Amino acid sequence: MHLTRLALTDFRSYPSTDVTLGPGVTIFSGPNGEGKTNLVEAVGYVATLASHRVAHDAPLIRQGAEHAIIRASVHDATRDALVEIELNPGRANRVRLNRAPLTRPRDILGVLRTVLFAPEDLALVKGDPGERRRFLDDLLVAMAPRYAAVRADYDRVLRQRTALLKSAGPKGGPKGNRQSSEAVMSTLDVWDAHLARAGAELLVAREHLVAAVRPHVERAYTAVAGDGGPASIEYRRSFEPPQETASEGASHGERVKAAEDALRAALAEVRDSELDRGVCLAGPHRDELELVVRGLPARGYASHGESWSLALALRLASFDLLRAGREDPVLILDDVFAELDAGRRDRLAALVAEAEQVLVTAAVPADVPPLLTGIRFTLSGGELTRAS
């Protein structure tokens, strides 16, 4: 899989630009602030419908413009596809595939698959658990796009259940009206069932994903860190499962049913605390992906170099998992070589050099290891020029 063209209109700093791409390595170089990252951010948006830099779409629209447009031509072994995304701040975005409008933007997911390395990846190790949950969910959707709907369903139920908890709690709840209180509790029972059902599907999928990606992470960490100690990952639920859980050989459906029962029991146990605090205290939104280096939690104990090696290992493991039995996803390395020492630069380059398509950004061309040679573009004064 690779991109053959990327065209932007009023996206970030670009009034208009059109870049022809191909397999192999493509390097975008130029001073900071010229728009190198904006290009690869647009590629990542086509693949995930989200930016790796900001949480909302508004900053992606060029100042003074009403909307932005991303067009990407994608080639894989089965077809050529044209993806067009119109970003409309405050309104629904529009998405077209091969000129045909799509009712649901998320139906575009899977047409382009990417793995993006960026300086922000350090937050996967040093940041809050939400960063690691997002990593898992993004990889899950890249593996099986149907999980975008599962995640959206869970988020919707979580918001509505949390709103009910806040309205029913000490500050907003019924005052002295037993009938009203009983009605709220009955409604909460219904939302508990919805949350447990949607949450169990997401939780079990994450656990299965972590089991699948774990050996890739361990191998990638060793390859990047060199002589560094071993690394491992583990998925931790926000609640303790009951004694009777699905057996190791259980089917997917049996595992989901066991997780649903366990989550419903956990919600019943913490209900009083939830009503007092007005927040949902159990579920996948509070789970953790634990990262361990040399037997110690990476967050708080890993050195800067170890943290970078582990962040790179998570991305490399994602690439290995996504390419297994399928075409390579597009690899994007956004200014990561500037963050690494010479040894890690060379080891990372050796691991990614054979990917079908690698897009690299660098402020200093010398930061890119010689192993990664290919087409070069330079950015200066907002102009993108192909080097001779």
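Since the model is a prediction, treat every value here as computed from it, not as a measurement.
- Side-chain N/O atoms of R219 and H216 include a donor and acceptor closer than 3.5 Å.
- One N or O on the side chain of R206 and one on the backbone of P284 form a donor-acceptor pair closer than 3.5 Å.
- Scored by the salt bridge (charged side-chain N to carboxylate O under 4.0 Å, His left out) test, E383 finds no partners at all (sequence neighbours excluded).
- With salt bridges taken as basic N to acidic carboxylate O contacts below 4.0 Å, one links K257 and D261.
- Although no hydrogens or angles enter the test, the distance criterion places no donor-acceptor pair under 3.5 Å between the side chain of H208 and the main chain of H252.
- A salt bridge does not link E66 with R91: none of the charged nitrogens is closer than 4.0 Å to a carboxylate oxygen.
- In terms of modelled atom types and a separation under 3.5 Å, the side chain of E86 and the main chain of A68 share no donor-acceptor contact.
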Exercise for the section: Apply side-chain contact (heavy atoms from CB on, under 4.5 Å) to R151 and R106, showing your working. Expected result: CA-CA 12 Å; R151 181 167 61 173; R106 69 172 180 248; over 6 Å; no
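- Counting heavy atoms from C-beta outward, Y45 and L87 have side chains that approach closer than 4.5 Å.
- Using modelled atom types, one side-chain atom of S238 and one backbone atom of G283 make a donor-acceptor pair closer than 3.5 Å.
- Here R323 pairs with D328 in a salt bridge; the nearest charged N to carboxylate O distance falls below 4.0 Å.
- By the side chain to side chain donor-acceptor pair (under 3.5 Å) test, R347 is found to be paired with no residue, residues two or more places apart in sequence or in another chain being considered.
- Heavy-atom contacts from other residues, nucleotides or ligands closer than 6.0 Å to CZ of R62 number more than 12.
- Residues F337 and V360 meet the side-chain proximity criterion, which asks for heavy atoms closer than 4.5 Å.
- At least one donor-acceptor pair closer than 3.5 Å links the side chain of E254 to the backbone N or O of S251.
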Practice task
Report the C-alpha distance between R71 and D18 in whole Å, list the side-chain angles of each, state the deciding distance to 0.1 Å, and finish with yes or no for salt bridge (Lys or Arg N to Asp or Glu O under 4.0 Å).
Solution key: CA-CA 9 Å; R71 293 183 178 91; D18 195 333; over 6 Å; no
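- When atom types are taken as modelled, the side chain of E120 and the backbone of H52 share no donor-acceptor pair closer than 3.5 angstrom.
- In this structure a side-chain-to-backbone donor-acceptor pair under 3.5 Å is missing from R12 to L60.
- Shown here is Q160, whose CD atom has more than 12 heavy atoms of other residues, nucleotides or ligands within 6.0 Å.
- Contact of the L21 side chain with the V19 side chain is registered, since non-hydrogen atoms from C-beta on lie closer than 4.5 Å.
- Contacts of H2 classified as ring-ring contact (aromatic ring centres under 6.0 Å, His included), with partners at least two apart in sequence or in another chain: H75.
- If you chain together hydrophobic residues whose side chains sit under 4.5 Å apart, F135 and V213 fall into the same group.
- Salt bridge status for K36 with D334: absent, with no side-chain N to carboxylate O gap under 4.0 Å.
- Here the shortest heavy-atom pairing between E306 and Y301 reads OE1-O, 4.4 Å.
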Handout entry: Criterion side-chain contact (heavy atoms from CB on, under 4.5 Å) on L139 and L322, from CA distance to verdict
Key = CA-CA 8 Å; L139 179 54; L322 285 168; 4.0 Å; yes
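- The pair E84-R94 does not meet the salt-bridge criterion, since no charged nitrogen lies less than 4.0 angstrom from a carboxylate oxygen.
- With a 4.5 Å cut-off on side-chain heavy atoms, F117 and L312 count as touching.
- Between L3 and V46 the shortest side-chain heavy-atom distance does not fall below 4.5 Å.
- With N93 contributing its side chain and N88 its backbone, the two residues share a donor-acceptor pair below 3.5 Å.
- If you take CG on L195 and OH on Y154, they are separated by 4.5 Å, rounding to the nearest 0.5 Å.
- In terms of the side-chain contact (heavy atoms from CB on, under 4.5 Å) criterion, residue partners of T187 (sequence neighbours excluded) are, by chain and number, L164, W191.
- Using a 3.5 Å distance cut-off with no hydrogens or angles, the side chains of D335 and T361 do not pair a donor with an acceptor.
- In summary, E288 and R299 do not engage in a salt bridge, as defined by a charged side-chain N under 4.0 Å from a carboxylate O.
- Contacts of Y14 classified as side chain to side chain donor-acceptor pair (under 3.5 Å), with partners at least two apart in sequence or in another chain: none.
- Residues V364 and L348 do not share a hydrophobic cluster, defined by chaining ILVMFWY side chains whose heavy atoms lie under 4.5 Å apart.
- Scanning for salt bridge (charged side-chain N to carboxylate O under 4.0 Å, His left out) contacts around R113 gives an empty result, with sequence neighbours left out.
- The backbone N or O of I233 sits less than 3.5 Å from a side-chain atom of R214, completing a donor-acceptor pair.
- Salt bridge annotation for R133-D128: absent, with no cationic side-chain nitrogen under 4.0 angstrom from a carboxylate oxygen.
- At a threshold of 4.5 Å between side-chain heavy atoms, the hydrophobic network of Ile, Leu, Val, Met, Phe, Trp and Tyr places L165 and V190 in two separate groups.
- Nearest heavy-atom pair, L209 versus L136, reported as atom, atom and distance to 0.1 Å: CD2-O, 3.4 Å.
- No path of Ile, Leu, Val, Met, Phe, Trp and Tyr side chains, each step under 4.5 Å between heavy atoms, connects L158 with L281, placing them in separate hydrophobic clusters.
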Exercise for the section: Kindly indicate, with the supporting measurements, whether the criterion side-chain contact (heavy atoms from CB on, under 4.5 Å) is fulfilled by Q357 and M1. Expected result: CA-CA 8 Å; Q357 186 175 49; M1 173 180 289; over 6 Å; no
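- Other residues, nucleotides and ligands contribute at most 12 non-hydrogen atoms within 6.0 Å of the CZ atom of R386.
- T114 places no side-chain N or O within donor-acceptor distance of the main-chain N or O of L116, the cut-off being under 3.5 Å.
- Placement of L371 and V336 in two distinct hydrophobic clusters is found when ILVMFWY residues are connected by side-chain heavy-atom separations under 4.5 Å, directly or transitively.
- A donor-acceptor contact under 3.5 angstrom links the side chains of R344 and S309, judged on distance only.
- Checking R197, R264, R271 one by one against D192, the side-chain hydrogen bond (donor to acceptor under 3.5 Å, both in side chains) holds for a single residue, R271.
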